[in-house]
Structure formats: C-alpha cells, structure tokens
Amino acid sequence: KSLAKMPFGDFLGFELEAIRSLGSNIYNSIMDVRKGLTDKSLDSVQKSAYLTGGLKRMAGVASLLTLRLAIASGLAAMALFFGRSLRKCL
C-alpha cells in the first residue's frame, strides 16, 4: 500500500501483478498437463481436455515471453540505429 502512494507505485504495482500472474499461469499449465497425464480417475475426454488446456496455456505464456523479448530487442535496435544516424548528421 505504501508503494502505491509513491509516484511510480501504480505502474510498478501493475508490473508486479503481471509477473505474479505469469507465475500462476505457468504453474497452472504444468498442473493441468500433469493431471491429464497421471490422474487415473479421469476418462479419456477429461484427460484430453486437461492436456489441451495446459498446452494452450503454455503456448500462450511462450508467445507472451517471445513477444516481450522481440519488442524490447526491436526498440533497442531502433535506438542504436537512430543514435548512429544522429551522429552522422552532426
């Protein structure tokens, strides 16, 4: 709560919540896949649903992380390119 009172608290709180949520998504996807593979009380349709859901969640997390890395890399490359271009003009 004291963090939220600081000027950057709302933004930092949002980022921390995103990280917490990411961890929960990874954990839930692992648990879904594990349950689909090992739970003997489930029928084949339920096992398939757990596996499909867990694997889709894993694919979503992987896509998110890849996209974040690509955006950061692209912005860094643009900053370096524009920095060099600016030096040539001076």
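In what follows, every heavy atom counts, from backbone to side chain, and hydrogens, waters and symmetry copies are set aside. Just so it is clear, the model here is predicted, and its values are computed rather than measured.
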(message) Are Tyr27 and Met58 connected into the same hydrophobic cluster when the rule is that any two of I, L, V, M, F, W, Y join if their side-chain heavy atoms are below 4.5 Å apart?
(response) yes

(request) Flag the pair Leu65 / Leu22 as yes when at least one side-chain heavy-atom distance between them is below 4.5 Å, and no otherwise. (result) yes

(message) Hydrophobic cluster membership, with links at side-chain heavy-atom distances under 4.5 Å among I/L/V/M/F/W/Y: are Leu67 and Met78 in one?
(response) yes

(request) Treat each ILVMFWY residue as a node, draw an edge where side-chain heavy atoms are under 4.5 Å apart, and state whether Val33 and Tyr50 are in one component. (result) no

(message) With a 4.5 Å cut-off on side-chain heavy atoms, are Lys35 and Leu51 touching?
(response) no

(request) Can you measure from OG (Ser48) to CG (Asp43) and round to the nearest 0.5 angstrom? (result) 10.0 Å

(request) Just grab all the side-chain hydrogen bond (donor to acceptor under 3.5 Å, both in side chains) pairs involving residues 54-74, residues at least two apart or on different chains. (result) Asn25-Arg57

(request) Look at the side chain of Ser29 and the backbone N and O of Ile26, then say whether any donor-acceptor pair between them is shorter than 3.5 Å. (result) yes

(request) Mind listing the closest non-hydrogen atom pair of Leu42 and Lys47 along with its distance? (result) O-CE, 3.5 Å

